[in-house]
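The structure appears right after this line, and notes come after that.
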There are 2 protein chains.
Amino acid sequence: MLTIGGLGKKTGTKVQTIRYYEQIGLMPEPDRTEGGQRRYSLAALDRLSFIRHARQLGFSLDAIRELLDLGDHPDRPCEEADQIARRQLKQVEQRLQRLEALRQELKRMVHECSGGRTADCRVLEVLRDHSECLTDHNEIGA
Amino acid sequence: MLTIGGLGKKTGTKVQTIRYYEQIGLMPEPDRTEGGQRRYSLAALDRLSFIRHARQLGFSLDAIRELLDLGDHPDRPCEEADQIARRQLKQVEQRLQRLEALRQELKRMVHECSGGRTADCRVLEVLRDHSECLTDHNEIGA
DNA sequence: GTACATCCTCTAGCAGCTAGAGGTTCAAGT
DNA sequence: ACTTGAACCTCTAGCTGCTAGAGGATGTAC
């Protein structure tokens, strides 16, 4: 039986975050000691590891919820899980494209700055005038 | 003199967002009609364009605030602006690296899924067991 | 028996918006 | 001059995914 702190250490999760996952129903309510402290089973450790790993791969908490549900029904076809992953992959690829365009733009900005007065700063100039951009970067590249 | 809606259209910004920028002091308080509606000058249009463009390039509102300050002092050296841009470039490059690693992992996951039952789903399996990963993806790739 | 690390709940905050309620103003058409 | 209706106003609350802090209780080791 793990304390919440122990579980946090094993999974690289802050204590508050674990409680937050419980609050939003992503982690089940664990057993408690007589004094009211949480004690976690190995199943909880597995589940949290899954969640954290999926987070690291950029899945949203909603997507993770779906994936966890699917994992609980081993006999259902796995198409859904596959689709969620494909969707995620697509998103990642789109973000990559946008970020790459941003990188180009920023690089150009920085390289053209020769270090004079701000009045002549290419960085500020480019920001002032979108038409100088080589790429369309219409969405935030985050 | 532009209405807030007109300004929004010209810059691709939602009306609420413009008011939000005003609230946090990124946009100055504009003139008002007798009835209390906002009316914007061309200077305001320039400023908002600058802000939106910088946002598209991924700068934080704080960074933008700094950049705007620098733009208001044309005689100061532009090193600072350059540094802000370099910092941003670095961040973008780091994100690109992480996202690329995630893409690999997701691609592998998806390709290995042969479409059976969830019990045998590679997607779920990989998520369950981090040790199957080829890459370290310790931070969220967002 | 006492120290003190860890736990508890609760509330509020972060970025950067976005949406809605409930009401007012402006400009165009008649 | 009057009416319509789109666009404006303020205010509050919500989104994601946590994170931090207050103020107090518990558990464990010595």
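First the proteins, then the strands, lettered A, B, ... as listed; each starts at 1. Worth knowing before you read on, the calculation uses all heavy atoms, side chains too, and leaves out hydrogens, waters and symmetry mates. Keep in mind the model is a prediction, meaning the values are calculated, not measured.
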Looking at Ser60(B), I'd like to know whether one of its side-chain N or O atoms comes within less than 4.0 Å of OP1 or OP2 on dA15(C).
no
Passes salt bridge (Lys or Arg N to Asp or Glu O under 4.0 Å), Asp31(B) versus Arg39(B)? Steps please.
CA-CA 5 Å; Asp31(B) 293 340; Arg39(B) 288 298 121 100; over 6 Å; no
Looking only at side-chain N and O atoms, does Thr17(B) come under 4.0 Å of OP1 or OP2 in dC17(C)?
no
dA19(C) base / Gln16(B) side chain donor-acceptor hit below 3.5 Å:
yes
Just how far, in rounded Å, is C1' of dA27(C) from CE of Met1(B)?
18 Å
Compute whether any side-chain donor of one residue and acceptor of the other, for Arg86(B) and Gln88(B), lie under 3.5 angstrom apart.
no
Position toward the 5' end of DNA chain D (nearest nucleotide), Gly36(A) or Arg19(A)
Arg19(A)
Do Gln104(B) and Glu100(B) pair up side chain to side chain, a donor and an acceptor below 3.5 Å, judged on atom types alone?
yes
Want to settle it: does Gly5(A) or Thr3(B) sit nearer the 5' end of DNA chain C, counting the closest nucleotide to each?
Gly5(A)
Nucleotide nearest Arg52(A) (side chain, heavy atoms from C-beta), chosen from dC18(D), dG27(D), dG16(C):
dC18(D)
Without decimals, in angstroms, what is the distance between Lys9(A) NZ and dA5(C) C1'?
10 Å
Is any side-chain nitrogen or oxygen of Arg55(B) closer than 4.0 Å to OP1 or OP2 of dC17(C)?
yes
Could you work out which one of dG17(D), dT28(D), dG16(C) sits closest to the side chain of Arg39(A)?
dT28(D)
Would one find a side-chain N or O of Lys14(B) under 4.0 angstrom from OP1 or OP2 of dA19(C)?
yes
Grab the CD-C1' distance between Gln23(B) and dG16(C) for me, whole Å please.
12 Å
Over all heavy atoms of both residues, which pair between Leu99(A) and Val92(B) is shortest? Give the atoms and the distance, please.
O-CG1, 3.7 Å
Quick one: label Ile4(B) by what it contacts on the DNA or RNA (base, sugar-phosphate, nothing), any heavy atom closer than 4.0 Å.
sugar-phosphate
Identify the two heavy atoms, one from Arg47(B) and one from Leu26(B), that lie closest to each other, and give their separation to 0.1 Å.
NE-O, 3.0 Å
Base, sugar-phosphate or nothing for Arg38(B)? Non-hydrogen atoms, less than 4.0 Å.
sugar-phosphate
Whole-Å distance between dA20(D) C1' and Ile18(A) CD1?
16 Å
Gap between atoms CD1 and P, on Ile24(A) and dG14(D) respectively (whole Å):
17 Å
Gln37(A) CD - dT28(D) P separation (whole Å):
7 Å
N or O in side chain of Arg32(B) less than 4.0 angstrom from dT10(D) OP1/OP2:
yes
Compare side-chain N and O positions of Tyr21(B) against OP1 and OP2 of dG16(C) and report whether any pair is under 4.0 Å apart.
no
